[in-house]
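Below, all heavy atoms of this structure are taken into account, side chains as well, without hydrogens, waters or symmetry copies.
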Amino acid sequence: MNQEWVQEYDLLVSTLGMEYARKYSIIEPADVRQILWLWFVTHPNKYTEWSKLPPKDKEKLIAKSLRNAAITYCEKEKARKFGYDMVDLYYYDSSVIEAFLPSILADSYEIPSKIQDLNFQFGKSSEVTDGTNWLVLRSDIEKAFNQLPEAKQNILRLKFTVENCEWTELGKELNTSADGARMRVNRAINSLIRILGGWRSFNDTDNLVDKEQNEEEDDTRA
């Protein structure tokens, strides 16, 4: 093991090992730590390239990839232990949440028209619009919405109870700019996704990743 990695990231690796062992009670912290150290061994190109970036950017990218490695491992171990296939898992996409929020806030139980236009799959074989699947999605999102802090609920109410709400007008309501309003809405939606189980893990190869692309992805999860 490269001693530079150990000295620099021992605290982060140990912290993440404990964090994901708490989230997945069937997983041992030592197993998560082993997977995280393995990330450094299998991603030398990324580590070298990211080390040339400003420290804050480097730390953000490495922490993101380590969390992804931990989630991928823990989900696979959970599926193996409980005997289900990973493709049976459903991860909530922001576009699905945004499509449901207007009807949830209006207390409507008609399938949103935008949902019928989405090509997402619910589970392994069923479409979102099939049978009661969309009702399950709606119920989950509504429960998650009710768990949000009131301030974030109000932000989403302002955005999704007015049809074609403009960012500029929303910014005025929130006493901020259009970009500020967009960021607040994104944060509220990301909070919903976290309550609903988080994001699907990504395929983290050792190909060099464009810095701007990673920054855009991080902005959506701020």
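- In this structure, Trp50 and Asn45 have side chains that are not in contact, with every pair of non-hydrogen atoms separated by 4.5 Å or more.
- Partners of Asn154 by side-chain hydrogen bond (donor to acceptor under 3.5 Å, both in side chains), not counting sequence neighbours, listed by chain and number: Arg157.
- Criterion: ILVMFWY side-chain heavy atoms under 4.5 Å apart, direct or through other members. Under it, Phe82 and Ile71 are part of a common hydrophobic cluster.
- Using a 4.5 Å cut-off on side-chain heavy atoms (C-beta onward), Leu16 and Leu12 make contact.
- Every side-chain contact (heavy atoms from CB on, under 4.5 Å) that Lys143 has, sequence neighbours left out, goes to Ser139.
- For the pair Leu156 and Leu192, the minimum side-chain heavy-atom distance is below 4.5 Å.
- Distance check: Leu36 CG to Ile62 CD1 gives 12.0 Å after rounding to the nearest 0.5 Å.
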Intermediate values then yes/no, side chain to side chain contact (heavy atoms under 4.5 Å, CB included), Phe160 and Val185: CA-CA 10 Å; Phe160 293 100; Val185 170; 4.3 Å; yes

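- Pairing each heavy atom of Tyr92 with each of Val136, the nearest pair is OH-O, 4.3 Å.
- Rounded to the nearest 0.5 angstrom, Trp134 CH2 and Ile141 CD1 are separated by 11.5 Å.
- In this structure, the separation between CZ on Arg184 and CD1 on Ile189 is 14.5 Å, given to the nearest 0.5 Å.
- With rounding to the nearest 0.5 Å, the separation of NE2 in His43 from CG in Leu66 is 9.5 Å.
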Audit row: Arg138, Glu142, salt bridge (charged side-chain N to carboxylate O under 4.0 Å, His left out) steps and yes/no: CA-CA 6 Å; Arg138 185 196 184 285; Glu142 183 176 22; 3.0 Å; yes

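- Identified under the salt bridge (Lys or Arg N to Asp or Glu O under 4.0 Å) test for residues 5-16, with sequence neighbours left out: Glu8-Lys58.
- For the ring pair (Phe, Tyr, Trp, His ring centres under 6.0 Å) test, residues two or more places apart in sequence or in another chain that qualify with Tyr9 are Phe40.
- Lys78 meets the side-chain hydrogen bond (donor to acceptor under 3.5 Å, both in side chains) test with no other residue; sequence neighbours excluded.
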Under 3.5 Å, which donor-acceptor pairs link side chains of residues 98-111 to any protein atom two or more places apart or in another chain?
from   : atom 1 : to     : atom 2 : distance (Å)
Ser103 : OG     : Phe100 : O      : 2.9
Ser108 : OG     : Glu110 : N      : 3.3

Assess the residue pair Leu196 and Ile97 against the criterion (side chain to side chain contact (heavy atoms under 4.5 Å, CB included)); give the C-alpha distance rounded to whole Å, side-chain angles, the decisive distance to 0.1 Å, and a yes or no. CA-CA 10 Å; Leu196 290 163; Ile97 291 173; 3.9 Å; yes

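- Every residue two or more places apart in sequence or in another chain that forms a side-chain contact (heavy atoms from CB on, under 4.5 Å) with Asn68 is listed here: Thr72, Ser201, Phe202, Asp204.
- At a threshold of 4.0 Å, the pair Lys46-Glu49 does not count as salt-bridged, since none of the basic side-chain nitrogens sits closer than that to a carboxylate oxygen.
- Looking at residues two or more places apart in sequence or on another chain, you find no salt bridge (Lys or Arg N to Asp or Glu O under 4.0 Å) involving Lys56.
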Show me, pair by pair, the donor-acceptor contacts under 3.5 angstrom made by side chains of residues 18-35, not counting sequence neighbours?
from  : atom 1 : to    : atom 2 : distance (Å)
Glu19 : OE1    : Arg67 : NH1    : 3.3
Glu19 : OE1    : Arg67 : NH2    : 3.2
Glu19 : OE2    : Lys23 : NZ     : 3.2
Glu19 : OE2    : Arg67 : NH1    : 2.7
Tyr20 : OH     : Arg67 : NH1    : 3.3
Tyr24 : OH     : Glu75 : OE2    : 2.8

Below 3.5 Å, can you tabulate the donor-acceptor pairs from side chains in residues 164-179 to any protein atom, sequence neighbours excluded?
from   : atom 1 : to     : atom 2 : distance (Å)
Ser177 : OG     : Gly180 : N      : 3.0
Asp179 : OD1    : Arg182 : NH1    : 2.8

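- With sequence neighbours left out, the side-chain contact (heavy atoms from CB on, under 4.5 Å) criterion links Ile195 to Ala144, Gln147, Leu148.
- Both Val41 and Trp39 are assigned to one and the same hydrophobic cluster, defined by single-linkage of ILVMFWY side chains at heavy-atom distances under 4.5 Å.
- Scored by the side-chain contact (heavy atoms from CB on, under 4.5 Å) test, Thr42 finds Leu38 as partners (sequence neighbours excluded).
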